[in-house]
Enquirer: 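Okay, handing you the structure first.
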Amino acid sequence: MRPSVLHRQNRPWHNLVAPFKPLTKSSWSYIYWFPTVFVVSYYFYNIKIVSGRSMQPTLNPDSSLWRDVGLFNRYAIHTKLEFKRGDIVALRSPEDPTRVLVKRIVALAGDRVTTLPPYPDPVILVPQGKAWIEGDEPFHSDDSNRFGPVPLSLIESRLVAVVWPPSRFGHLYRPTSVDQDTSTPHKHSAYRLAMAELERQRWRNNRVTVVPRSLP
Amino acid sequence: MSGPSMLPTLAASGEVVVEDRLSLRLNPASLARGDLIVVRSPIDPTAIVCKRVIGLPGDVVCVDPTGLKAPSTEHVLVPKGHVWICGDNMTHSRDSRDYGPVPIALIRSKLFARVLPLKDRIIFRNPMRVLD
């Protein structure tokens with residue numbers, strides 16, 4: 001008998017593995033890269049598509065045809081545990097464990113917040129280990145004004161920048177001051193948008209009283 | 001494991017337990033009253049706590065039958081998406097009686113078994129019985 005016939009037919013397990021062989025050949029690269037991708041997305045950075053109106057006009061404005069795709073930083077939250085007021089974060093919803101919300105941290109533990117309807121109390125002191133989160137669009141937002149302060153442990157990652165659509169690339173305006181450039185006409189749309197963002201930030205910050213905490 | 005809040009089920013220190021992370025991810029509905037669960041602390045983002053599930057969403061739970069932290073007639077309705085947890089050692093446990101119902105998203109895993117010390121090895125079973 002020819003050696004090649006011996007080769008195939010005297011190994012019965014070949015018949016079991018043979019149908020799967022094309023599968024493993026093409027998916028080997030998936031198996032190979034899966035641990036790296038998993039570690040990077042769980043411990044460092046990952047990408048999420050943001051849907052909904054609750055963060056308008058910062059994210060998903062009506063002027064954009066696409067839903068914003070954002071780059072989220074896991075390292076800052078999971079490892080460094082850095083929570084700052086004004087950060088846009090992704091967190092698990094306390095009402096529905098399968099939903100991820102993207103909202104802004106308005107106040108941290110120890111601060112007093114003037115709440116918006118439908119919250120029952122007009123002013124609240126945020127308890128230890130919790131944060132007050134709000135969406136930038138108060139009417140369409142499912143946030144702390146509905147379910148109260150959320151535990152910091154629910155927060156998963158922090159938004160770094162918007163990566164899609166290209167026209168909104170990097171759009172996370174953090175206005176601390178507006179350039180008083182008198183040569184630019186004040187009707188320029190960038191100036192108006194910047195002023196509007198500054199106004200919103202001031203309105204948010206006015207509702208939060210940061211109680212100074214004595215250092216140990 | 002450390003801490004006296006789960007005596008006599010779990011000792012205050014020196015025990016090693018195995019947690020089961022997969023069954024709650026594959027079947028979230030398998031969370032039952034009486035399960036031992038590991039939860040990320042709602043008051044401290046760095047801490048994890050091990051307690052027992054007493055109430056599921058929609059249950060009316062007696063806040064503190066011992067009367068230590070609340071009058072024993074006080075009851076609470078567990079809101080949607082939350083569970084009520086309680087330590088087995090109710091005199092020395094900081095649990096839902098202190099910080100209220102805990103969101104289900106904070107649950108990390110169920111406790112599967114204790115492996116050390118070897119003489120006390122056991123697979124944890126749900127001890128709840130419904131009284132009619």
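Here is the naming used below: chain letters follow the sequence lines, and residue numbers restart at 1 for every chain. Bear in mind that the values here come from a model prediction, so they are computed numbers and not experimental data.
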Enquirer: Would you indicate whether B:Phe112, at its atom CZ, is surrounded by more than 12 heavy atoms from other residues, nucleotides or ligands within a distance under 6.0 Å?
Expert: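 No - once you tally the heavy atoms of other residues, nucleotides and ligands closer than 6.0 Å, there are 12 at most.
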
Enquirer: Please check if atom CZ in B:Arg94 has more than 12 non-hydrogen atoms from other residues, nucleotides or ligands closer than 6.0 Å.
Expert: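 No, CZ of B:Arg94 has 12 or fewer neighbouring heavy atoms, counting only those of other groups under 6.0 Å.
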
Enquirer: For A:Arg112, does the CZ atom sit with more than 12 other heavy atoms under 6.0 Å from it, leaving out its own atoms?
Expert: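 Atom CZ in A:Arg112 is not packed in, count stays at 12 or less.
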
Enquirer: Could you tell me whether B:His92 atom NE2 has more than 12 heavy atoms of other residues or ligands within 6.0 Å of it?
Expert: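 At most 12 heavy atoms, drawn from other residues, nucleotides or ligands, come within 6.0 Å of this atom.
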
Enquirer: Counting N and O atoms only, with roles assigned by atom type, does the side chain of A:Ser153 sit under 3.5 Å from a partner on the main chain of B:Ser41, one being a donor and the other an acceptor?
Expert: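 Looks like yes, one N/O pair under 3.5 Å.
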
Enquirer: Could you tell me which portion of B:Pro79 (side chain, backbone, both or neither) has an atom closer than 4.5 angstrom to a non-hydrogen atom of chain A?
Expert: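 Neither part, no heavy atoms under 4.5 Å.
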
Enquirer: Check each atom of A:Leu154 against the heavy atoms of chain B and say whether the ones under 4.5 Å are side chain, backbone, both or neither.
Expert: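 Contact with chain B is through both the backbone and side chain of A:Leu154.
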
Enquirer: With rounding to the nearest 0.5 Å, note down the distance linking CD in A:Gln128 to OH in B:Tyr99.
Expert: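 Separation between the atoms: 12.0 Å.
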
Enquirer: Determine the option with the most heavy-atom pairs under 4.5 angstrom with chain B, choosing from A:Leu152, A:Val150, A:Asp96, A:Ile155.
Expert: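 With the most close heavy-atom pairs to chain B, the winner is A:Leu152.
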
Enquirer: Do the side chains of B:Pro103 and A:Arg92 get nearer than 4.5 Å, heavy atoms only?
Expert: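 Side chain of A:Arg92 against side chain of B:Pro103, heavy atoms only: no contact under 4.5 Å found.
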
Enquirer: I need the minimum non-hydrogen distance between A:Pro97 and B:Ala105, along with the two atoms involved.
Expert: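 Minimum heavy-atom separation between A:Pro97 and B:Ala105: CB-N, 3.8 Å.
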
Enquirer: Is there a side-chain contact between A:Pro151 and B:Ile43, using heavy atoms and a 4.5 Å cut-off?
Expert: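 A:Pro151 does not reach B:Ile43 side chain to side chain.
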
